[in-house]
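Throughout, residue positions are numbered sequentially from 1 according to the sequence presented.
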Amino acid sequence: MIPNLISLSRILLTLPIIYLIMLGNYFLALLLFTIAGLTDFLDGYVARLMNQETLLGANLDLLADKIFVCVLLIFLSFHFDNFIFLIMTFLILTRELTVNMIRQYFLEVNYKNKAKVNFFGKFKTFFQIISIGSGIIFLDTQHKELAESLIIFAAFFSWLSLLNYIYAKG
């Protein structure tokens, strides 16, 4: 129960983060974003600690990751009117949808062990979160190239993890 609430908090924090960015309060937005990002690692840890790992919890964690990352990437791309961020967001979202489709296929053909998240996927999410945080901080400054570089790296790593997911599972 508690791990699922932690995952849900990541989804619920997305809207206040967007609102704070719209107000120009980047510091508070980054603070909430950091808290929400930490829940990505905390929910699984708490589930294991409390012996509450469930299929529902695992899927809720994945859903929370996708909503949190994808909504914020789309918002930042348009809010800061940044074409590089937009293109990388498109690449990341395409990867996320592709993996979800493959995962669904594995579940339908009863390859449940192939549908599990691996370390590479968790590492990819970490870099996506870092790039979003840098976008909150730097896209409205003269240092926007730092955020653009990090989102390019996140997109590259996302696609690398997709290839790993496809070929390591097959």
#### Entry: Pairwise side-chain contact, His143 with Glu148, heavy-atom cut-off 4.5 Å (strictly under)
no
### Summary
Heavy atoms of Arg103 and Leu62 approach each other most closely as NH1-CD1, 3.7 Å
### Query
Thinking salt bridges, do Asp43 and Arg10 make one under a 4.0 Å N-O criterion?
yes
### Message
Hydrophobic cluster membership, with links at side-chain heavy-atom distances under 4.5 Å among I/L/V/M/F/W/Y: are Leu38 and Leu20 in one?
### Response
no
### Summary
In short, Ala64 meets Ser7 closest at the heavy-atom pair CB-O, 3.4 Å
### Close side-chain approach of Asp61 to Asp40, heavy-atom, < 4.5 Å
yes
### Query
Are Val69 and Leu97 connected in the hydrophobic side-chain network, where two residues link if heavy atoms are under 4.5 Å apart?
no
### Query
Distance from Phe27 atom CZ to Leu32 atom CG, nearest 0.5 Å?
10.5 Å
### Message
Could you report the tightest heavy-atom contact between Phe33 and Ile132, atom names first, then the distance?
### Response
CE1-CG2, 3.3 Å
### Summary
Here the gap from Ile166 atom CD1 to Thr98 atom OG1, rounded to the nearest 0.5 Å, amounts to 7.5 Å
### Task
Indicate if Ile67 and Leu8 have the same hydrophobic cluster label, given that clusters are the connected sets of ILVMFWY residues with side-chain heavy-atom separations under 4.5 angstrom.
yes
### Summary
Minimal heavy-atom distance between Ser131 and Ala154, with the atoms involved, is OG-CB, 3.7 Å
### Query
Got a second to check how far Ser134's OG is from Ile129's CD1, nearest 0.5 Å?
12.0 Å
### Task
Decide if atom OH of Tyr26 counts as having more than 12 heavy atoms of other residues, nucleotides or ligands within a radius under 6.0 Å.
yes
### Message
To the closest 0.5 Å, what do you measure between CE (Met50) and OH (Tyr45)?
### Response
11.5 Å
### Query
Would you say the side chain of Ile11 lies within less than 4.5 Å of the side chain of Val71, judging by non-hydrogen atoms?
no
### Query
Any donor-acceptor pair under 3.5 Å linking the side chain of Arg95 with the backbone of Trp159?
no
### Query
Within a strict 4.5 Å, meaning less than it, do heavy atoms of the Leu86 and Leu73 side chains meet?
no
### Phe75: ring pair (Phe, Tyr, Trp, His ring centres under 6.0 Å) partners, not counting sequence neighbours
His79
#### Entry: Same apolar cluster: Leu49 and Leu60, side chain cutoff 4.5 Å
no
#### Entry: Value rounded to 0.5 Å, distance of CD in Gln128 from CE in Met88
13.0 Å
### Message
I want to check something: taking the side chain as every heavy atom from C-beta on, are Met22 and Ile18 in contact at a cut-off of under 4.5 Å?
### Response
yes
Could you list the donor-acceptor pairs under 3.5 angstrom formed by side chains in residues 52-59, with sequence neighbours left out?
from  : atom 1 : to    : atom 2 : distance (Å)
Gln52 : OE1    : Met1  : N      : 3.1
Thr54 : OG1    : Gly57 : N      : 2.8
Asn59 : ND2    : Leu55 : O      : 3.2

### Message
If you define the side chain from C-beta out and look only at heavy atoms, does anything of Val46 sit under 4.5 Å from Leu42?
### Response
yes
### Task
Side-chain contact test, heavy atoms from C-beta onward, threshold under 4.5 Å: evaluate it for Leu76 versus Phe85 and give yes or no.
yes
## Note on the structure
The remaining residues in the hydrophobic cluster of Tyr19, counting side-chain heavy-atom contacts under 4.5 Å among Ile, Leu, Val, Met, Phe, Trp and Tyr, are Leu23
### Task
Answer yes or no: does atom NZ of Lys144 have more than 12 heavy-atom neighbours from other residues, nucleotides or ligands under 6.0 Å?
no
## Note on the structure
Residues Ala29 and Ile17: closest non-hydrogen pair is CB-O, 3.9 Å
### Query
Can you tell if the side chain of Phe68 reaches within under 4.5 Å of the side chain of Leu13, non-hydrogen atoms only?
no
### Message
Could you check whether Phe156 and Phe127 have their ring centres less than 6.0 Å apart?
### Response
no
### Query
Can Ile35 be reached from Leu12 by stepping across I, L, V, M, F, W or Y side chains whose heavy atoms are under 4.5 Å apart?
no
### Query
Taking atom CZ of Phe157 and atom OG1 of Thr125, what is their separation to the nearest 0.5 Å?
10.0 Å
### Message
Could you report the tightest heavy-atom contact between Leu91 and Ala155, atom names first, then the distance?
### Response
CB-CB, 4.4 Å
